[in-house]
Every structure is written in C-alpha cells, then in structure tokens.
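Numbers restart at 1 for each chain; the letters A, B, ... are given by sequence-line order, proteins then strands.
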2 protein chains.
Amino acid sequence: MVAKEAAGRARPGRTPAPAGRRARPRQAEVARLAGVSQATVSLVLSGRDIATGRPISAETRAKVLDAAHSLGYVPDPAASRLAAARNNLLGVFSFTATFPTDVRHSYYPFLVGVEQEAAAQGYDLVLFTGSSTGGAGAGGAGALNRVRLADGCLFLGRHAPADELRRLVADDFPVVHVGRRDEPEGLAWVGADYVSASREVVTALAGLGHRRVLLVREDDDAPASTDRERGFLDGLVGSGLPAGPGAVFRTGDPGGDLTADRVRAWVAEGVTAFVAEETDTGAAWRALRAAVDAAGLDCPGQVSLALLGSPPADLADEPAPMGFDIPRPALGAEAVRLLAARIAGRPAEGTLVACAFRPGATAGPPPAP
Amino acid sequence: MVAKEAAGRARPGRTPAPAGRRARPRQAEVARLAGVSQATVSLVLSGRDIATGRPISAETRAKVLDAAHSLGYVPDPAASRLAAARNNLLGVFSFTATFPTDVRHSYYPFLVGVEQEAAAQGYDLVLFTGSSTGGAGAGGAGALNRVRLADGCLFLGRHAPADELRRLVADDFPVVHVGRRDEPEGLAWVGADYVSASREVVTALAGLGHRRVLLVREDDDAPASTDRERGFLDGLVGSGLPAGPGAVFRTGDPGGDLTADRVRAWVAEGVTAFVAEETDTGAAWRALRAAVDAAGLDCPGQVSLALLGSPPADLADEPAPMGFDIPRPALGAEAVRLLAARIAGRPAEGTLVACAFRPGATAGPPPAP
DNA sequence: CGCATTACCTAATGCGCATTAACAAGCAAT
DNA sequence: ATTGCTTGTTAATGCGCATTAGGTAATGCG
C-alpha cells in the first residue's frame with residue numbers, strides 16, 4: 001500500500017494537478033497551450049497528417065510544435081503501444097543464460113548487424129534477457145510475453161521454446177527467428193545456407209584429391225546440423241565419392257568417443273580429410289583437433305581438416321581452418337529487414353543467406369600412398 | 001495505409017471479433033467465461049485481493065484461474081504499465097556506443113549482478129541500446145525516453161547525458177546510476193569507493209619504501225577519475241610523501257604523450273613507482289606499460305606499477321598488477337536493490353561499496369639507489 | 001425486527017495516445 | 001443559390017488493465 005503511492009508515474013491516482021510545476025506534460029497540455037485539440041497534437045507530432053492525406057495548416061503545425069517544445073513534451077511509449085500497436089521498438093530475445101552483450105559471445109556478431117539495420121530503419125532496440133524467472137507471469141504462460149512491449153521481436157538461439165513461439169506466431173505478433181527453423185508453422189526466419197556452403201567445402205577437398213572424407217558432428221538434430229550434413233553428403237555424391245553412413249561420425253555414437261586410436265584407424269582405412277561441424281561451443285572441432293594431435297598426425301601434411309563454420313573466438317589466433325564464414329552481421333541485418341516487413345503487414349518467409357568460402361591453411365593434397 | 005492493417009495487435013481497428021479462434025484473450029473474455037466481472041479477474045490475477053485485504057471467495061478465485069488458464073490468458077505489458085504504472089520490468093541503459101567491439105565487456109560483470117538480483121526481486125530485465133538515432137522522437141527530446149516502458153531504469157557508463165537524466169529525475173521516474181555522480185541533483189547512484197581503495201594502494205607502495213609515486217590518468221573529469229586522484233593524493237599525504245601537482249600526469253597534458261623518454265626522465269628524478277587509473281578502455285594502463293617496456297625498465301625490479309582497478313580482459317593472462325578489484329557484480333546487485341526501493345516509493349541516495357585490495361605481482365621495494 | 005457489519009463482487013472511470021466519424025469553412029462548378 | 005469537393009479541425013471512442021466507489025446479500029447485535 002505504500003508501494004502504490006510514489007510509483008513511476010508522477011500522479012498515479014486521480015489526484016488533481018499539483019500546485020507547482022507540472023510533471024511530464026501530456027498531449028492534452030500541449031493542445032491547451034497551442035489552442036487546438038489533443039487530436040491535432042497527435043496528428044502533428046506523429047507526422048501522420050501528411051502521411052494519411054489529412055493535411056494540417058502550416059500555422060497550426062508550428063503552434064503545436066512550439067508548444068510541445070516549450071513544454072518539453074515527450075510521448076509515453078506504453079501509451080503509444082497500447083493505442084496504436086506501434087512504438088518503434090524492436091525486441092531481441094536470446095535464449096542463452098545471460099547477456100549476449102559480451103564480445104566473446106557467439107551471438108554478438110549478429111547483434112552488430114541487427115543494431116545497424118535497426119537504426120537505419122528507424123527502430124530502437126530492446127533486449128530481453130532470457131534467464132529471469134521471477135517476472136510478472138500472472139498466467140504463468142511464460143517470460144516471452146513481455147516482448148509484446150515492442151512492435152516485434154527477433155529470436156536468437158538454437159533452443160527457443162517452441163510452444164511459446166507458436167503462441168506468438170498464432171497471435172500474429174511479428175516474430176523473426178535468426179537461424180533456420182521448421183517448428184512453428186508460419187514462423188519467419190533468416191538462416192545461413194549451410195547446405196551450399198558445406199557442399200562447397202567438400203568439393204574443394206575433393207578437388208585437392210581427397211577420396212575419403214569424414215564428417216564429425218554432434219549428436220543434436222538442430223536444423224543447423226542437419227543442413228550441414230546434407231550439404232556434406234551432397235558434396236560427396238557430386239564429386240563421385242562414397243557417401244554411405246560410414247562417412248558421418250556422431251560424437252556420442254555407440255562405439256565411444258573421438259579418440260586418437262579411432263582417428264588412426266580411419267586413416268588406415270584411407271580417410272585423408274576430416275570435416276567438423278561448428279556449434280556454439282565448438283565441441284566437435286575441438287575434439288577433432290585434439291584427436292588428430294594426439295594421433296601425432298601432421299595437419300596439412302598427413303591429413304586435411306575443415307570446419308563447417310568459423311572457429312571459436314578463443315582459437316582465433318591459430319591458423320584459420322578451411323571452411324566457411326557465416327556472415328553474421330549480414331544475417332542480423334536481414335532479420336531486421338524481415339521483421340520490419342512483418343510489422344508493416346507484409347508477409348515474410350524464410351530467407352537463406354550465402355556463406356563465404358574460406359580456403360584456410362588446414363587443407364592440402366592428400367599424402368602420396 | 002497498408003501498414004495499419006496487420007500490425008502487431010491482432011485486431012487493430014474496431015473490426016468485430018473474427019469468426020474462428022479468438023486471438024489473444026483479454027481479461028474481459030476470461031471474465032465472461034468465468035461468469036464474473038473484468039474487475040474481479042484483474043483482482044484475482046494480480047493477487048491484489050489478498051494483498052489489499054479485498055477478499056475474494058476461494059470458489060471465485062478458482063473459476064477465474066481456470067478460465068484464464070483454459071483460455072491461455074497472458075497480460076499485455078503495455079496496458080499494465082499504462083494503467084498501473086507497473087509491469088515488473090527493469091530497464092538497463094548503457095552509454096557506450098552500443099555494441100562496441102573492444103570495450104563492452106567492461107560492463108558485463110555489472111550485468112551479471114544486475115540480472116541475478118533482478119530475478120531475485122521478481123523483475124524482468126530490458127536492455128536499451130544506446131546508439132540508435134532513428135527512434136520515435138516526436139519531441140526530439142531524446143532516445144532516453146523509451147526507458148519509461150519499464151518501471152525504472154539503471155544507467156551504466158561515464159557519459160550519461162546530464163540533461164536527459166535530469167529530466168527523468170525531475171519527472172520522478174525511478175532511476176539509479178551505476179557509478180558515483182553529482183550532476184543531476186537527487187539522482188540515486190551506487191559507486192565504488194575509489195578514494196579509499198586508491199589511498200590504500202598508495203599506502204601499500206609507501207609501505208614498500210617508495211618515496212616518489214606518480215599517477216597517470218586520462219584527461220577526463222569523470223567522478224571516477226577525480227575520486228581516484230583524490231585518494232591517490234590523500235594516500236601520499238597520509239604517508240608523508242610529496243603530493244604536489246607534479247605527482248599527477250594527464251595523458252594529453254601539454255608537453256606530449258607518455259613516452260619511454262619521459263618515463264626515463266621521471267625515474268632519473270627519483271620516481272620509483274607508477275600508478276595508472278583504470279578506465280573502460282584501459283588506455284592509461286596500456287600506455288604506462290608500453291612506455292615502461294620501451295624504456296627497458298624491469299617491472300617489479302626497477303620500477304613498481306599499480307593499477308587503480310582491474311586490468312582489461314585481454315590482459316587477464318599477464319601477471320596481476322597491484323591494485324584493487326571493483327566488486328562489479330555486487331555493485332550491480334546493489335543498484336537493483338536501490339532501484340527497487342525507488343520504485344516502491346522509498347527514497348534512495350548514493351551508496352558506496354568498498355573495493356578489494358589486490359597485492360599483485362607488479363610492485364616490490366624500490367631499487368637501492 | 002431494525003440496523004450495522006462484514007464478505008464479496010461489479011459498474012464506472014481513467015491511464016495517454018491514435019484513430020475515425022463528423023463537422024466547419026472555403027471555393028468551384030452547376 | 002444549391003450542390004459538390006477540398007481542406008482543416010475536433011469530439012468521441014477505445015486499446016487492456018487497475019482501481020475506487022459503491023452495491024447486494026448474508027450475518028451479527030441489541
């Protein structure tokens with residue numbers, strides 16, 4: 001009961017205007033000062049007069065603008081959103097434990113592009129953090145709800161909760177997922193073209209002369225993994241190489257982990273190149289590198305390695321592996337463009353963005369037999 | 001005109017309810033289904049019935065909750081905020097160019113504490129990004145305005161715009177600044193006690209036997225710099241050492257930059273220990289290290305170095321310098337506590353938090369003359 | 001049995017803004 | 001003059017929710 005007294009709003013209740021200086025002025029005050037109606041103020045300030053062909057005389061415009069300026073009027077974003085379903089705010093929600101604002105964070109490069117494009121489109125950004133649990137959940141339906149404060153929302157991460165997303169999509173709330181995603185029907189997304197990029201890497205290896213290539217992937221059926229595997233197999237087939245189930249190894253497969261012995265065995269069978277998928281942890285790549293090292297194999301010399309993605313930040317100073325780079329900033333920017341389209345009512349479907357091939361220094365011709 | 005048609009809201013205009021499944025249900029729908037009034041729904045869902053001693057029968061409560069659940073009701077945060085001036089959202093605004101590539105993580109540790117404490121207090125977090133310029137600014141008054149979406153807001157950074165902050169404070173919007181700050185009268189803040197911590201470092205150096213100590217600081221009059229200088233000078237005086245203006249060097253001072261020659265000159269004059277202030281870029285510390293290195297001076301042996309703060313993350317693997325650690329997560333948590341108090345209407349003033357002295361490995365006794 | 005309590009619930013109102021129907025002029029054409 | 005059209009402005013309404021001032025039925029008390 002104390003709490004209600006001095007909340008964020010200057011005058012919560014029906015208390016009459018205070019004696020001294022007015023608190024934050026409303027459009028009504030501006031209107032009074034300018035000698036016009038509140039509706040006119042709204043029209044002028046939102047610039048909708050010209051946009052909607054509802055003209056306002058230059059004189060009136062000036063009066064209103066003067067009044068607003070002298071009173072220091074600023075709009076209430078909550079009220080705008082309530083009344084018009086627009087407040088020029090774009091939400092960004094990521095499903096990692098904490099803030100993706102850390103530079104080392106793998107989502108960071110996306111945000112760079114997101115922010116640029118958002119600014120270019122006249123939107124401000126609002127980041128919602130994923131971890132908090134305490135929130136306002138009256139219905140308990142979930143923390144995702146607060147994104148409705150914004151005009152639309154971007155989602156980052158492999159593990160966005162499908163049901164909550166489905167709900168937003170069903171309500172026709174503008175949502176764009178960064179990363180390909182089939183799950184909620186009708187969800188818009190932007191994704192990197194892992195299939196083509198992976199195919200290209202395999203083709204390059206084949207071009208160097210490799211006849212047996214092995215993919216090391218994690219045991220996780222996210223689209224990002226599936227797509228890479230498909231591109232990998234496509235590439236094998238396209239180059240006339242054997243593409244049986246033996247060409248793919250899942251860490252966690254029955255038969256144990258990725259060990260030096262296993263690598264030696266493969267090499268003995270004729271495998272001359274290894275390809276690892278990239279994930280947010282980079283586990284597959286690390287495991288592969290470790291095993292090859294432990295087996296005492298020289299990398300560009302005896303075996304070739306490639307990474308279907310970019311190396312993790314902490315390995316940035318090692319020689320760049322063959323592979324491809326995901327244009328993360330571009331993806332972020334494209335996501336914003338899609339979202340803006342959704343907000344404007346235009347439909348939007350999934351969009352693929354091409355990756356850039358990276359020759360790197362970890363691949364060469366196979367050793368002579 | 002196309003735009004208005006399919007905005008974020010399911011049914012923007014006065015169009016009657018659609019034929020098929022209803023879009024996002026309102027309290028009114030819940031009320032209808034439960035056979036009670038909308039007001040009762042609000043009371044039950046907000047839990048305010050028991051809180052305010054306004055009793056609701058268990059039977060009615062159950063009916064309402066059932067209805068809300070079966071309809072999948074979720075509250076509209078914008079409407080909550082508008083009606084009650086509360087939505088359990090805490091804003092966080094930082095004033096560095098939003099996603100700067102090199103600096104960012106210096107605020108990261110704060111956010112860790114902020115997030116934890118916010119969750120503990122039942123708040124969700126919303127991050128506002130600083131750079132965007134395109135936003136809704138009808139009044140042009142500024143991007144800070146959107147923080148009003150939240151119940152209150154935390155501000156991070158040395159260079160928060162004073163006038164915009166003043167405005168929020170004047171409007172009695174709950175604001176807490178992380179970092180000591182005098183500027184807008186009545187602004188609540190939490191800060192680290194740089195004065196005491198810096199004094200302690202100087203005292204430690206004096207205790208090792210140093211008689212002439214020099215402070216290297218940036219040419220920036222933020223309170224964080226001023227406080228460190230004051231503590232530094234206090235420490236000199238307290239230890240009976242000379243504390244004239246010659247004891248402080250500002251990078252950017254007339255007379256040029258921090259060079260190896262200059263360092264040699266100081267050493268020739270009898271300076272045996274150097275102290276650098278910490279800033280978000282770590283520029284002073286970097287410059288000092290570089291100059292000492294270039295001068296060919298051995299660090300713990302010929303000169304002692306200390307850093308008034310923590311080393312930047314990219315230097316984390318070097319030996320830790322003498323200095324102090326700012327308890328950033330604790331500061332963040334304390335800031336949230338203050339902000340929650342402000343939101344609840346309790347007044348809140350500035351709060352200082354103590355830093356932890358760090359002996360480090362860059363300081364030893366001065367060389368024998 | 002009349003009146004004051006309590007217990008429980010609802011009608012009404014407004015938060016600040018955007019939108020729309022309606023209206024008031026002004027002016028051209030009939 | 002009457003009609004029709006364009007231009008400029010306003011009254012009225014509602015977004016979804018919280019809150020306050022009652023209102024009604026059930027109970028207690030003298």
Side-chain angles (χ1 to χ4, degrees), chain A residues 1 3-4 7-15 23-31 34-61 63-64 73-87 136 138 148-149, chain B residues 1 3-4 7-15 23-31 34-61 63-64 73-87 136 138 148-149:
Chain A
M1 57 193 188
K4 81 165 182 213
R9 191 69 36 80
R11 290 275 145 184
R14 63 201 60 255
T15 330
R24 206 158 72 76
R26 314 285 125 106
Q27 284 189 348
E29 270 100 293
V30 176
V36 299
S37 75
Q38 175 265 324
T40 302
V41 173
S42 175
L43 281 175
V44 169
L45 293 185
S46 66
R48 248 167 229 291
D49 51 339
I50 39 184
T52 60
R54 198 177 253 76
I56 298 277
S57 72
E59 187 190 8
T60 303
R61 285 185 64 85
K63 275 193 302 185
V64 169
Y73 170 81
V74 288
D76 179 329
S80 300
R81 172 96 185 115
L82 184 58
R86 312 260 333 220
N87 60 6
R148 295 181 196 272
L149 271 178
Chain B
M1 55 196 188
K4 82 169 182 211
R9 190 70 36 79
R11 290 277 146 185
R14 61 201 59 256
T15 330
R24 207 158 71 76
R26 315 285 126 103
Q27 284 189 349
E29 271 100 292
V30 176
V36 299
S37 75
Q38 174 266 325
T40 302
V41 173
S42 175
L43 281 175
V44 170
L45 293 186
S46 67
R48 247 167 232 293
D49 51 339
I50 40 185
T52 60
R54 195 178 259 77
I56 297 276
S57 71
E59 188 190 8
T60 302
R61 285 186 63 84
K63 273 192 304 184
V64 170
Y73 170 81
V74 289
D76 179 329
S80 300
R81 173 94 185 117
L82 183 60
R86 308 262 335 222
N87 60 7
R148 296 181 196 272
L149 271 178

For this session: Looking only at side-chain atoms of A39(A), point me to the closest of dA11(D), dC17(D), dC9(C).
Result: dA11(D)
Exercise. Listed by chain and number, what are the side-chain contact (heavy atoms from CB on, under 4.5 Å) partners of A79(A), not counting sequence neighbours?
Worked result: D76(A), L82(B)
Exercise. Can you check the L43(B) CG to dA21(D) P distance for me, whole Å?
Worked result: 14 Å
Problem set entry | For atom CD of Q27(A) and atom C1' of dA18(C), their distance in whole Å | 8 Å
For this session: Check whether any side-chain N or O of S57(A) sits under 4.0 Å from OP1 or OP2 of dG8(D), and answer yes or no.
Result: no
Exercise. Nearest to the side chain of A83(B) - dA12(C), dC9(C), dG14(C)?
Worked result: dG14(C)
Exercise. R148(B) CZ to dC17(C) C1': how many Å, rounded?
Worked result: 15 Å
Exercise. Counting N and O atoms only, with roles assigned by atom type, does the side chain of S46(B) sit under 3.5 Å from a partner on the main chain of S42(B), one being a donor and the other an acceptor?
Worked result: yes
Exercise. Once you round it to whole Å, what is the distance between P of dC15(C) and CD of E29(A)?
Worked result: 10 Å
Exercise. If you find the nucleotide of DNA chain C closest to G35(B) and the one closest to S80(A), which residue's nucleotide is nearer the 5' end?
Worked result: G35(B)
Problem set entry | Value in whole Å for how far the P atom of dA18(C) lies from OH of Y73(A) | 6 Å
Problem set entry | Distance test, side-chain N/O of Q38(B) to OP1/OP2 of dC9(C), below 4.0 Å | no
Exercise. Short question: side chain of T40(B), backbone of V36(B) - any donor-acceptor pair under 3.5 Å?
Worked result: no
Problem set entry | Who pairs with dA12(D) - Watson-Crick or G-U, where each distance is under 3.5 Å | dT19(C)
Exercise. T60(A) side chain N/O closer than 4.0 Å to the phosphate oxygens (OP1, OP2) of dT9(D)?
Worked result: yes
Problem set entry | Side chain R148(B), main chain A78(A), donor-acceptor under 3.5 Å | no
